[in-house]
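Read the numbers this way: they start at 1 and go in the same order the structure lists the ligands and their atoms. When a residue number appears, it is its place in the shown sequence, counting from 1. Note that the structure is predicted; figures quoted are calculated from it, not measured.
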Amino acid sequence: MALHRFLFFLLLHVLRCSGGPLYQGSIAPNYTVSHLLNVDHNGVFLNSPNSTYHASMCNPAKQQLRFYLCVVHKNTHTIVWSANASSPVSSSGKLKLSPSGITISAGDDVSDVVWSFYSDRTVSALRLHDSGNLVLVDKSNVSLWESFHHPTDTFVSGQRIVSGGFLTSSVSDSDLMPGDYKMVVSESDVILEWSNGQRYWAFSSDLETRNYIPAAKVSYMMMNGSGIFLFDPNSRVMSARSLPSAKLRFGKIDKHGHFVITSYEMDSSSEDIHGSGFTAPTSACDLPFACSTLGVCTPGKTAKCSCPPGFRHLPTESTDCVPSDGSSLAADSDNCDSSIHFKQLPTNIRYFDSKFQSSGISNLNITSCRLFCSNNCTCLGFYYTNSSKYCSFLQKKLGSLIFDDDDSSDTRLYIKIVPGDIQSILDNNNRAFLLPILLPSIALVLLVIVIGLLLLRYLRKERNPKYDSSFIKKSRFGCRKKHELPDEDDDDIPILGLPTRFTYAKLEESTEGFSQQIGSGGFGEVFKGTLPDKTTVAVKRITNMGVQGKKEFCTEIAVIGKIHHVNLVKLRGFCAQGSRRLLVYEFMNRSSLDRSLFNVGGRPVLEWEERVQIAIGASRGLSYLHTSCDNTILHCDIKPENILLHDHNGVKIADFGLAKLLRPEQSNLFTTMRGTRGYLAPEWLTNSAISDRTDVYSFGMVLLEILHGRKNCVSIPDRNTPFAATDSGWIDGSLSSPSTMPVVEESYFPLIALEKHEEDNYGVLADPRLEGRVTTDEVKKMVKIALCCLHEEPYRRPSMVTVAGMLEGTIPVMEPRVMSLNFLRVYGRDVVRSLPATMAAVTVTTSNNSSDAEDVAVSYHQSAEQVSGPR
Ligand SMILES: *[C@@H]1O[C@H](CO)[C@@H](O)[C@H](O)[C@H]1NC(C)=O
Ligand SMILES: *[C@@H]1O[C@H](CO)[C@@H](O)[C@H](O)[C@H]1NC(C)=O
Ligand SMILES: *[C@@H]1O[C@H](CO)[C@@H](O)[C@H](O)[C@H]1NC(C)=O
Ligand SMILES: *[C@@H]1O[C@H](CO)[C@@H](O)[C@H](O)[C@H]1NC(C)=O
Ligand SMILES: *[C@@H]1O[C@H](CO)[C@@H](O)[C@H](O)[C@H]1NC(C)=O
Ligand SMILES: *[C@@H]1O[C@H](CO)[C@@H](O)[C@H](O)[C@H]1NC(C)=O
Ligand SMILES: *[C@@H]1O[C@H](CO)[C@@H](O)[C@H](O)[C@H]1NC(C)=O
Ligand SMILES: *[C@@H]1O[C@H](CO)[C@@H](O)[C@H](O)[C@H]1NC(C)=O
């Protein structure tokens with residue numbers, strides 16, 4: 001074992017000192033590389049013979065989440081090809097070249113392969129040519145596979161795109177995931193199309209394209225120093241578009257759907273000699289999504305967006321247009337068989353693809369055309385040209401509209417509309433015209449509710465005089481929809497199962513004006529309070545979340561409020577009044593585990609038996625969250641600060657379910673909150689799926705801290721990441737500052753635990769303050785359980801139920817898999833150290849509005865959604 005580790009380190013050392021192997025021209029099989037292994041060369045491992053191009057495990061835009069096998073033009077940093085863009089790997093993801101083929105895998109396992117090519121002939125080399133073509137060859141130099149045959153979003157001068165081939169845009173410069181736009185070389189033309197096959201540009205329609213052999217079939221498209229050409233099967237130029245002469249060109253479909261050609265005079269120059277050279281379509285308004293859904297684009301120097309008559313922008317910042325009468329687009333509604341109708345748009349507005357009329361039926365009268373669309377759920381609208389009797393359907397996704405001065409066209413555009421229900425009309429703030437109808441019925445309903453409330457209040461006073469009913473209102477009526485009448489108190493939406501609702505005034509009173517703060521953290525501050533029935537509570541005032549719609553808030557509260565387990569902190573009630581959101585929890589008088597464990601404020605050392613009980617209690621609480629509710633509830637922020645203690649061995653997990661309260665826009669808060677350093681599973685960084693095993697990883701980290709009585713890694717104070725500040729739990733007395741945290745320690749404890757495990761020397765790992773009041777066997781057991789929780793691959797970690805069983809002794813302790821823990825050595829420490837920077841970067845980028853930054857946010861939305869789980 002020791003020898004093995006020595007060799008491993010030696011290898012790593014050698015690789016790092018020599019700068020990693022960097023091959024020229026070709027690589028022979030049985031070769032493995034990852035970004036991490038070649039980090040000194042930025043992941044580059046292969047140069048083309050004259051070094052014009054290189055192949056690397058690259059991370060576009062220098063983000064740290066997604067790594068791809070790339071071919072890059074060195075001087076211009078243009079990524080001309082990448083492997084399986086929809087499934088990137090982490091920095092330790094491996095490219096393996098073997099005699100049978102080439103694979104990219106996320107980990108060591110065969111099952112982790114995200115991209116591969118296997119050949120039935122023996123591979124003898126991977127070559128990178130000076131043209132930018134990456135080729136696998138056999139021993140007689142016969143090509144088995146070429147990157148030029150599998151273009152991504154870019155092609156280079158000299159590369160042939162054969163008929164039937166296509167380029168696909170990436171969603172952004174940092175995420176190469178295929179986007180919505182394609183450039184397709186068809187038998188007759190080269191076209192740009194949107195995801196649903198709607199065309200918006202054609203090579204033949206470009207004014208400067210010259211057609212030499214009409215009616216021929218396209219065999220391939222190629223670009224060279226003098227232009228872009230389509231060739232027929234006899235390699236004769238069929239049509240051509242000449243461009244200013246240049247040595248090197250890249251053609252790319254960008255993330256907005258433009259086809260852009262950039263040209264360079266010299267290979268070595270990084271200057272783009274013609275600006276962006278060539279861009280198609282020329283008018284921004286001709287892009288499918290120039291003005292989002294149904295926005296009207298007015299061409300001009302800069303395109304302007306507006307909504308067509310009868311439509312308006314949503315109140316949010318989005319530029320989508322929706323019907324202004326409260327009904328919805330068929331596109332936004334899954335209600336297919338309800339009474340749909342069509343809204344006709346003015347003649348001077350046309351659909352972006354109407355010039356191309358991509359998908360339709362000719363010789364149909366308008367009645368049949370309309371019927372066709374009504375009866376087909378996938379149809380979102382249509383346009384009809386009276387003169388040619390052509391009917392074209394809009395499908396899958398609605399694009400933008402174009403304002404066209406020429407209103408002599410006899411093409412009419414019809415958008416399919418689903419009438420809104422009264423609720424959504426109210427939601428859309430457009431109830432004015434409905435008021436005459438609605439008012440009387442609302443008044444009646446209100447009257448009934450008021451009478452009901454008065455009756456209820458009377459009855460309760462009778463039965464239970466101790467309660468002041470203005471203080472506690474039964475939750476049945478507790479939640480109102482967000483855009484309703486300004487009056488605060490009445491027409492509330494019933495949500496069953498809500499915990500008690502408190503008014504803000506009463507909570508203010510019971511906390512003596514929020515005077516006694518007992519904690520603060522990711523969601524806001526926590527105050528001690530006393531209810532009229534003399535019970536002590538902890539009141540959490542949520543400040544960092546922005547105002548969430550009451551209905552959403554109440555729905556979540558109802559879910560959290562229904563969860564009862566002896567090891568989960570009980571939600572006593574809540575307050576949702578105006579923009580205020582407060583949560584009332586049972587009070588835990590010994591505060592959070594970190595204080596006892598890390599000995600804040602002179603607390604006595606936790607004895608071993610107590611630590612075991614805390615570990616068992618916390619694991620049971622988590623198991624309950626993971627398995628016993630209708631849907632798995634992930635905690636996502638397991639750390640000692642969120643494990644609360646009470647006299648008589650009370651152990652409860654706090655803050656569960658709160659992840660669901662975050663709105664998607666707050667994903668930046670979400671990530672920073674999740675980003676509590678040291679407890680963060682690798683999948684948060686690699687952007688893979690978040691599951692219950694993500695909590696298990698964090699729990700493993702907590703187990704090690706329980707064992708050791710110290711932080712696993714000493715944190716740098718959280719100056720830059722305000723929300724990463726830990727929740728300090730709630731106790732009497734003042735808050736301790738992070739600077740009272742224990743002694744600075746240079747080593748990374750999980751790594752030490754792994755090393756001692758390999759040496760079978762567990763005794764040294766226990767908290768020295770226990771002074772031997774624990775046996776080595778007990779330490780050994782906890783270390784093993786903790787290490788199992790830390791396995792790099794989530795599926796190798798035990799479930800929380802198994803962890804609880806192992807701690808309790810009802811399930812035999814698993815043997816940790818050292819192979820799956822090696823990542824702790826390679827980058828465990830670096831990851832932990834570099835994390836603040838990464839997280840800060842995420843925060844920064846999500847808060848500015850460039851579309852790349854949005855992508856980062858989007859990828860986290862997905863995580864957030866996964867966390868919320870299906871309901
Ligand atoms: C590569 O590995 C395979 C099996 O993994 C082995 O059969 C082959 O001999 C190796 N080739 C080289 C050149 O080392
Ligand atoms: C790329 O990855 C996806 C998801 O892992 C997979 O379905 C697809 O087959 C892969 N494509 C190739 C060419 O390997
Ligand atoms: C490298 O090779 C390419 C393709 O053969 C050629 O166009 C280019 O001029 C060469 N560059 C240098 C610096 O030799
Ligand atoms: C294959 O190509 C390489 C480089 O172009 C050359 O060095 C080698 O001799 C060729 N081998 C055969 C068998 O043709
Ligand atoms: C580009 O290709 C066309 C068509 O084959 C040819 O006529 C032209 O000379 C080429 N230009 C250059 C610079 O190679
Ligand atoms: C439209 O076409 C359908 C079927 O072709 C026919 O039944 C119907 O009468 C036509 N309607 C009109 C108004 O011409
Ligand atoms: C709806 O229309 C699309 C395209 O015209 C067609 O592919 C699909 O089969 C139709 N669906 C039904 C249920 O008719
Ligand atoms: C459509 O065309 C027909 C003749 O082809 C004509 O009679 C009719 O008035 C036209 N309808 C509209 C709305 O222009």
Verdict with supporting geometry, H791 and L821, side-chain contact (heavy atoms from CB on, under 4.5 Å): CA-CA 6 Å; H791 285 152; L821 292 162; 3.9 Å; yes

Geometric class of the F231/Y220 ring pair [parallel <30°, tilted 30-60°, perpendicular >60°]: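 Y220 and F231: parallel rings.
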
Aromatic ring pairing Y200/Y181, orientation class (parallel under 30°, perpendicular over 60°, tilted between):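 Ring orientation, 0 to 90° scale: perpendicular.
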
Closer than 4.0 Å: a protein non-hydrogen atom to atom 1 (C) of ligand 1: yes

Atom 7 (O) of ligand 1 protein-contacted, heavy-atom criterion under 4.0 angstrom: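 So atom 7 (O) of ligand 1 lacks protein heavy-atom neighbours under 4.0 Å.
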
Give the atoms of ligand 5, by number and element, whose distance to some non-hydrogen atom of [X] is under 4.0 Å.
X    : value
V237 : 4 (C)
S226 : 1 (C), 8 (C), 10 (C), 11 (N), 12 (C), 13 (C)
F231 : 4 (C), 5 (O)

Among all the protein's non-hydrogen atoms, which is closest to [atom], and how far away is it?
atom                    : result
atom 14 (O) of ligand 5 : N224 ND2, 3.4 Å
atom 4 (C) of ligand 1  : N30 ND2, 4.8 Å
atom 5 (O) of ligand 6  : S368 OG, 4.3 Å

Heavy-atom nearest option to atom 10 (C) of ligand 6, drawn from N363, T367, N365: N365

Side-chain heavy-atom pair L95, M57 within 4.5 angstrom cut-off: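 Counting from C-beta outward, L95 and M57 do come under 4.5 Å.
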
N133 side chain reached by Q159 side chain, heavy atoms, under 4.5 Å: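 Heavy-atom side-chain distance check fails, nothing below 4.5 Å.
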
NZ/NE/NH1/NH2 to OD/OE distance under 4.0 Å, E758 and R825: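 A salt bridge links E758 with R825.
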
Whether H77 side chain and H73 backbone form a donor-acceptor pair below 3.5 Å: no

